[in-house]
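No hydrogens, no waters, no symmetry mates; every other heavy atom, side chains included, goes into these values. Quick note on labels: first sequence line is chain A, next is B, and so on, each numbered from 1.
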Number of protein chains: 2
Amino acid sequence: MQADIVIRALGALAQEHRLAAFRLLVQAGAEGIPAGVLAERIGVPPSSMSFHLAQLAHAGLVTQRRESRSIIYSADYAAMSGLMAYLTENCCGGVPCEDAAACLPATNRETV
Amino acid sequence: MQADIVIRALGALAQEHRLAAFRLLVQAGAEGIPAGVLAERIGVPPSSMSFHLAQLAHAGLVTQRRESRSIIYSADYAAMSGLMAYLTENCCGGVPCEDAAACLPATNRETV
DNA sequence: ACAATAATTCCATAATTATCGAATCGTTGG
DNA sequence: CCAACGATTCGATAATTATGGAATTATTGT
């Protein structure tokens, strides 16, 4: 995972409505949620929701599928965990962490 | 952890230079890195670095301490793991995840 | 006290991002 | 085929964020 896509993903999540949408999708699981339902639950007009969902999709955080008239969005769990791994990569630079709990995803840390 | 601070943290990380700085700090561990060294390594003028470090500090992602003339920054691991926990909170809404690996920090999931 | 060093604040400018109404594009049922 | 529905794209405006030079604030050694 390269910095470029990570920045896009972080930027996508760093917005009130998009963060709310993503969390709803994370909780919804594989079933997903249609765009219109997201717009209604979050309280933004459809055109704004589309804009935000496009950002999330462009960052690879969500996938979409058409089902009849609706377009259904789902969270991409792999992208999310890749993002977290990137943030903690090589945490503490090999030195045993005092609070090892913080280095949770433990990408490069065999020492714990 | 509330949405407000999470958005600030994500926004702080969603920028090339700040992400680079934060990762250097994560790898540096408790020892930390002086502002000037960060500016030089990342290749931005001191005033820009100050601006970015202030953003990270305001988001609670880094702490700072003075040591003689230098101000030394360190990553706040607790804030980082709190951030990740927020993103995966109530992942898959109780339904057993197909790819459970993605729900790593496993905040609310006793079912796995 | 002074010069040098490390960092920050201030400020104007540039660039990016968000908002939402109106128009448009697929899909379905009658 | 057409009216209705769900969603997206377009476009103009508003708001936020990034940049970096110059001035300012701490700190140290002589």
Side-chain angles (χ1 to χ4, degrees), chain A residues 3-25 28 31-76, chain B residues 3-25 28 31-76:
Chain A
D4 198 44
I5 189 71
V6 170
I7 288 169
R8 225 178 310 163
L10 290 167
L13 292 172
Q15 206 277 344
E16 182 189 355
H17 301 319
R18 288 197 294 265
L19 182 60
F22 184 73
R23 270 165 50 92
L24 285 175
L25 292 175
E31 192 188 344
I33 303 176
V37 174
L38 284 172
E40 194 182 6
R41 282 210 207 154
I42 292 174
V44 296
S47 67
S48 294
M49 193 74 254
S50 264
F51 169 76
H52 291 308
L53 287 172
Q55 304 260 63
L56 288 169
H58 186 234
L61 288 168
V62 303
T63 58
Q64 69 214 90
R65 67 181 197 275
R66 178 177 280 276
E67 201 154 292
S68 163
R69 278 184 275 223
S70 300
I71 295 188
I72 299 183
Y73 286 83
S74 313
D76 185 322
Chain B
D4 198 45
I5 189 71
V6 170
I7 289 170
R8 225 179 310 165
L10 290 166
L13 293 172
Q15 207 278 343
E16 183 188 354
H17 301 319
R18 287 196 296 265
L19 182 59
F22 184 72
R23 271 165 50 91
L24 286 174
L25 292 175
E31 191 188 344
I33 303 175
V37 174
L38 283 172
E40 194 181 8
R41 283 210 207 154
I42 293 175
V44 297
S47 68
S48 294
M49 194 74 254
S50 264
F51 169 77
H52 290 308
L53 288 171
Q55 305 259 62
L56 288 168
H58 186 234
L61 287 167
V62 303
T63 58
Q64 70 213 89
R65 67 179 196 275
R66 180 177 279 278
E67 201 153 289
S68 162
R69 277 184 273 226
S70 300
I71 294 189
I72 299 183
Y73 286 84
S74 313
D76 184 322

TODO: Determine: side-chain N/O of B/Y73 to OP1/OP2 of C/dA6, distance under 4.0 Å, yes or no.
DONE: no
Task: Non-hydrogen side-chain atoms of A/Y73 and A/T63 separated by less than 4.5 Å - done: no
TODO: Please figure out whether A/I71 or B/A14 has its closest DNA chain D nucleotide nearer the 5' end.
DONE: A/I71
- [ ] Report yes if some heavy atom in the side chain of A/S74 is under 4.5 Å from a heavy atom in the side chain of A/R65; otherwise report no.
- [x] yes
Open item on the list: Do A/L25 and A/L61 make a side-chain contact, defined as non-hydrogen atoms from C-beta onward lying under 4.5 Å apart?
Closed with: no
TODO: Output the residues of residues 35-47 of chain B in contact with DNA chain C, where contact means a heavy atom of the residue under 4.0 Å from an atom of the strand; sort by number or write none.
DONE: B/A35, B/G36, B/P46, B/S47
- [ ] For A/E67 and for A/F51, locate the closest nucleotide of DNA chain C by heavy-atom distance; then report the residue assigned to the nucleotide nearer the 5' terminus.
- [x] A/F51
TODO: Can you see which heavy atom on B/V62 is nearest to which on B/F22, and at what distance?
DONE: CG1-CD1, 4.2 Å
Task: Ion pair A/R18/A/E16, N-O distance below 4.0 Å - done: no
Open item on the list: Please report the distance, rounded to the nearest Å, between CE in B/M49 and P in C/dT9.
Closed with: 14 Å
Open item on the list: Please report the distance, rounded to the nearest Å, between CD1 in B/I33 and C1' in C/dA6.
Closed with: 16 Å
- [ ] May I have the distance from A/R8 (atom CZ) to C/dT16 (atom C1'), rounded to whole angstrom?
- [x] 15 Å
TODO: Output yes when at least one side-chain N/O atom of B/R18 is less than 4.0 Å from OP1 or OP2 of D/dA18, else no.
DONE: yes
Task: B/Q55 side chain, from C-beta outward: closest of D/dA18, D/dT27, D/dG6 - done: D/dA18
Open item on the list: Whether B/H52 contacts D/dT19 is assessed here as follows: a side-chain N or O lying under 4.0 Å from the phosphate OP1 or OP2. Is that the case?
Closed with: yes
- [ ] Looking only at side-chain atoms of A/S68, point me to the closest of C/dT28, C/dG26, C/dA18.
- [x] C/dT28
TODO: Would you indicate what B/S50 reaches in the nucleic acid, counting non-hydrogen atoms under 4.0 angstrom: base, sugar-phosphate, or nothing?
DONE: base
Task: Phosphate-side-chain proximity, A/Q15 and C/dT16, N/O vs OP1/OP2 below 4.0 Å - done: no
Open item on the list: Testing the basics here: between A/A12 and A/A59, what is the closest heavy-atom pair and its distance to 0.1 Å?
Closed with: CB-CB, 4.0 Å
TODO: Evaluate the side-chain proximity of A/L24 to A/R41: yes if any heavy-atom separation is below 4.5 Å, no if none is.
DONE: yes
Task: Distance in angstrom units between B/E16 CD and D/dT19 P, rounded - done: 8 Å
Open item on the list: Quick check on DNA chain D: between A/R66 and A/S48, whose nearest nucleotide comes earlier from the 5' end?
Closed with: A/R66
Task: Gap between atoms CD1 and C1', on B/I72 and C/dT8 respectively (whole Å) - done: 16 Å
Open item on the list: Rounded to whole Å, please give me the gap between CG in A/L53 and P in C/dT19.
Closed with: 13 Å
Task: Minimum-distance nucleotide to A/Q64 side chain [options: C/dG26, D/dT8, C/dT8] - done: D/dT8
Task: Whole-Å gap separating P (C/dA7) and CZ (B/R65) - done: 12 Å
- [ ] For B/H58 and D/dT17, give me the distance from atom NE2 to atom P, rounded to whole Å.
- [x] 11 Å
- [ ] Side-chain contact test, heavy atoms from C-beta onward, threshold under 4.5 Å: evaluate it for A/L13 versus A/L56 and give yes or no.
- [x] yes
